Amino acid sequence: MKRTLISELDNDHLGKTVTVEGWIHEIKRLKSVDFIMLRDKTGIVQVTVKKTETPIGIDLGSLTRESVMRVTGEFPEKQISKKMKEITASKIDLLNVAATPLPLPVAENIESDLETRLNNRFLDLRRHENYAIFHTKSNLLWGIRSFLHTHGFVEVNTPKIVASSTEGGADLFRVQYFEMDAYLNQSPQLYKEILISSGFERVFEVGPAFRAEKHNTTYHLNEFTSIDIEMGFSNHEDAMAMLEGSVKSGIENALSHAHNSGNYQLRMLEVPELPFPRVEYSKCLSMVQNAGGKIEFGEDFGPEHLRVIGEKYPGFYFITKWPSELRPFYTMVDPDDETLTNSFDLQFREREITSGAQRVHDPEMLRRRFVAKGLNPEDFQFYLNAFRYGMPPHAGWGLGLERLAMILLDLKNIRETSLFPRDRTRIVP
RNA sequence: GCCCCGAUAGUGUAGCGGCCUAUCAUACGGGCCUGUCGAGCCCGUGACAUGGGUUCAAAUCCCGUUCGGGGCGCCA
């Protein structure tokens, strides 16, 4: 018999025989009747087994929580259960038995340590509240994808195994590539720019980025999902417009498809209004200095500084016109003030989620910027070549998907938004 | 790389020199209960990360080790 998802049990099914499949959430055995709460991705249903009736095929005493089973029975017109839908079982197939006791509670409202949860992630993710994070993340990404698609972007995939570092400074994971040394790419930056030279006009990529920084915080991962775009014949203003549009579209989509199986409360941000405020770096600098923060022009804001700024701008906002010493070699300087750049970060309160800019498109300027940053242009020949034969002005950004998901769902630790997070000490599972 | 902090049953916790053959909740095993729905009641199993030291006495104090958490730096 065809399987029915628990969420599909509606008035149309009343009085009919249905088959549901899932995991045993909970078992309650009374003298004359047994109740089995059966859970699938979409919800929980109560399976009622009356002891007076004909045998249903299995020994109920052998059932354990989280075992997998198939139940066929009536979805009765008269629903006695007060809290959830109910099926009266006529046949139960035990498809697989779960060992006991469980290394992690699935049905209980007992919060386990993140460490314990991640060690048993397969079980942890059976909790609907955790599944909801990834359901939301998926819808967030789809919303962003569809926005970019409708604005003429083509989705591309660039190599993650590369010969040289993207920006020089950051630590990379080294890998052995046959007889050569290679690295895991920290960003698709150079490749997406090359594709602008190739005339793709507008590209975006969703893929992993690797950073070998030994950071130990609740908002860093060593492998994260980067959403990167690059657009030709465009400047930083165009890129910012595309970014705020993407974020809004992603959040709209996440909200309109919010997963709710009923046994938890999903909290989400409201759809933000556009445009996001644009605040220049110099203005942020004065704000921090006025609040007593010790910081000079040319220095990056620390967490305390960003908290000061975030109090003034509690939602999404851009910090623009960053000093050139804080930005990578490919960032275009401000034509009106060469100590500044046509760059921006997207912030949510004190959290940075995106970094972007108009890029340098003149090969000679790019060469000078390499040297100024202490990099050897010879190491980036494959990249520079793309600029020598007709590179349009262009701009783009890179957005940390896990950080955006974390903000959307108000989660305290970024590891919650990664199925199998890679941090300073974790590579398993 | 730097600075703080922590480790007690399957899970989450209390205890912080003798009252600890270690608390509570939940899970797990057994029993009771005419449909439960955060079910209830009774009984039971189950833990002081590890190696040293201090002390008459260590879960408790000190040191090392292992594992973990948080913050900073850096960034998405």
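In what follows, chains carry the letters A, B, and so on, assigned in the order in which the sequence lines appear, proteins first and then strands, with residues in each chain numbered from 1. None of these values were measured; they are calculated from a predicted model.
A salt bridge is defined here as a Lys NZ or Arg NE, NH1 or NH2 lying under 4.0 Å from an Asp or Glu carboxylate O, and A:Glu244 with A:Arg278 meets this definition. Ion pair A:Lys91/A:Asp93 flagged as a salt bridge, since at least one NZ, NE, NH1 or NH2 atom sits closer than 4.0 Å to an Asp/Glu carboxylate oxygen. Between A:Lys28 and A:Asp34, none of the side-chain N atoms (NZ, or NE/NH1/NH2) sits under 4.0 Å from a carboxylate O, so this pair counts as no salt bridge.
Base pairing of B:U60: no nucleotide in any strand meets the Watson-Crick or G-U wobble criterion (both distances under 3.5 Å). Summarising the base pairing, B:G46 is matched to no nucleotide, lacking a Watson-Crick or G-U wobble pair whose two defining distances lie under 3.5 Å. Across all strands shown, B:G40 forms a Watson-Crick or G-U wobble pair with B:C32, both key distances being under 3.5 Å. In this structure B:C16 sits in no base pair that meets the Watson-Crick or G-U test at under 3.5 Å. Using the Watson-Crick or G-U wobble rule with both distances under 3.5 Å, B:C2 pairs with B:G71. The partner of B:A22 cannot be assigned: no Watson-Crick or G-U wobble pair with both contacts below 3.5 Å exists in any strand.
With rounding to whole Å, A:Glu350 atom CD is found 18 Å from B:C75 atom P. A straight line from CE of A:Met84 to P of B:A39 spans 8 Å, rounded to a whole angstrom. Going from atom NE2 of A:His25 over to atom P of B:G38 covers 12 Å, rounded to whole Å. Between A:Glu352 atom CD and B:A76 atom P there is a gap of 5 Å when expressed in whole angstrom units. A straight line from CG of A:Asn185 to P of B:C75 spans 17 Å, rounded to a whole angstrom. Nucleotide B:U36 holds its C1' atom 17 Å from the CD1 atom of A:Ile87, rounded to whole Å. Between the CG atom of A:Asp113 and the P atom of B:U13 there is a distance of 5 Å, rounded to whole Å. Atom P of nucleotide B:G29 and atom CG of A:Leu63 are separated by 11 Å, given to the nearest angstrom.
No side-chain donor-acceptor contact under 3.5 Å links A:Asp334 and A:Thr341. Using modelled atom types, one finds no donor on one side chain facing an acceptor on the other under 3.5 Å when comparing A:Asn222 with A:Lys214. Between the side chains of A:Thr225 and A:Glu402, at least one donor N or O sits under 3.5 Å from an acceptor N or O.
Stacking is not found between A:Phe35 and the pyrimidine-like six-membered ring of the B:G35 base under the 5.5 Å centre-distance and 30° plane-angle cut-offs.
Backbone-only contact: A:Thr425 has heavy atoms under 4.0 Å from sugar-phosphate atoms and none from a base. Nucleic acid contact for A:Ile353: sugar-phosphate only, since backbone atoms but no base atoms lie under 4.0 Å from a heavy atom of the residue. Using a 4.0 Å heavy-atom distance criterion, A:Asp300 is classed as a sugar-phosphate-only contact. Among the heavy atoms of the strands, none lies under 4.0 Å from A:Leu404. Across all strands, A:Thr218 comes closer than 4.0 Å only to sugar-phosphate atoms, never to a base (heavy-atom distances). Residue-level contact check: A:Arg415 touches the backbone only, with heavy atoms under 4.0 Å from sugar-phosphate atoms and none from bases. Among the atoms of the strands shown, base atoms are found under 4.0 Å from some heavy atom of A:Gln46. When heavy atoms are screened at a 4.0 angstrom cut-off, A:Thr354 is found touching the sugar-phosphate backbone but no base atom. Counting non-hydrogen atoms under 4.0 angstrom, A:Asn216 reaches a base of the nucleic acid. Counting any heavy atom pair closer than 4.0 Å across all strands shown, A:Arg351 reaches no nucleic acid atom. The residue A:Asn413 sits close only to the backbone: its heavy atoms come under 4.0 Å of sugar-phosphate atoms, none of a base.
The 5' end of RNA chain B is approached more closely, in terms of each residue's nearest nucleotide, by A:Ser112 than by the other of A:Lys31 and A:Ser112. Both A:Leu104 and A:Arg65 sit near RNA chain B, but only A:Leu104 has its closest nucleotide nearer the 5' end.
The phosphate of B:U11 has neither OP1 nor OP2 within less than 4.0 Å of any side-chain N or O from A:Arg117. Of the side-chain N and O atoms in A:Thr217, none sit less than 4.0 angstrom from OP1 or OP2 of B:G71. At the phosphate of B:G70, neither OP1 nor OP2 sits under 4.0 Å from any side-chain N or O atom of A:Tyr219. Side-chain N/O atoms of A:Thr116 include one lying less than 4.0 angstrom from OP1 or OP2 on B:G12. Contact annotation: A:Lys83 side-chain N/O to B:C37 OP1/OP2 distance is not under 4.0 Å.
Ring centers of A:Tyr281 and A:Phe301: under 6.0 Å apart, within the cut-off. Here the two rings, on A:Tyr191 and A:Phe382, have centers that are under 6.0 Å apart. Residues A:Phe276 and A:Tyr313 place their aromatic rings such that the two centres sit no closer than 6.0 Å.
Between the side chain of A:Arg403 and the base of B:C75, at least one donor-acceptor pair of N or O atoms lies under 3.5 Å. Judged by distance alone, with hydrogens and angles left aside, A:His215 brings no side-chain donor or acceptor close enough to the base of B:C75 to form a pair under 3.5 Å. For A:Arg211 against B:A76, a side-chain N or O and a base N or O form a donor-acceptor pair under 3.5 Å. Judged by distance alone, with hydrogens and angles left aside, A:Lys28 brings no side-chain donor or acceptor close enough to the base of B:G35 to form a pair under 3.5 Å. At a cut-off of 3.5 angstrom, counting only N and O atoms as typed in the model, there is a donor on one side and an acceptor on the other between the side-chain of A:Ser81 and the base of B:C37.
Of all nucleotides listed (B:C28, B:U36, B:A25), B:A25 comes nearest to the side chain of A:Ile110. Listed nucleotides B:G35, B:G10, B:G1 differ in distance to A:Pro101; the shortest reach to its side chain belongs to B:G10. Of the candidates B:G69, B:A27, B:C72, B:C72 carries the atom nearest the A:Pro303 side chain, counting heavy atoms from C-beta on.
Nucleotides B:G18 and B:U23 place their P atoms 15 Å apart, quoted to the nearest Å. Taking atom C1' in both B:U66 and B:G73, one finds a spacing of 26 Å when rounded to whole Å. Nucleotides B:G68 and B:U11 are separated by 16 Å at their P atoms, to the nearest Å. Between the P atoms of B:U55 and B:C62, the separation comes to 16 Å (whole Å). Comparing the same atom, C1', in B:C61 and in B:A57 gives a spacing of 13 Å after rounding to whole Å. B:U8 and B:C4 have their C1' atoms separated by 23 Å, given to the nearest Å. Taking atom P in both B:A58 and B:C19, the straight-line distance is 11 Å, to the nearest Å. Remark: the separation of the C1' atoms in B:U45 and B:G64 is 36 Å, to the nearest Å.
Shown here is A:Asn11, whose CG atom has no more than 12 heavy atoms of other residues, nucleotides or ligands within 6.0 Å.
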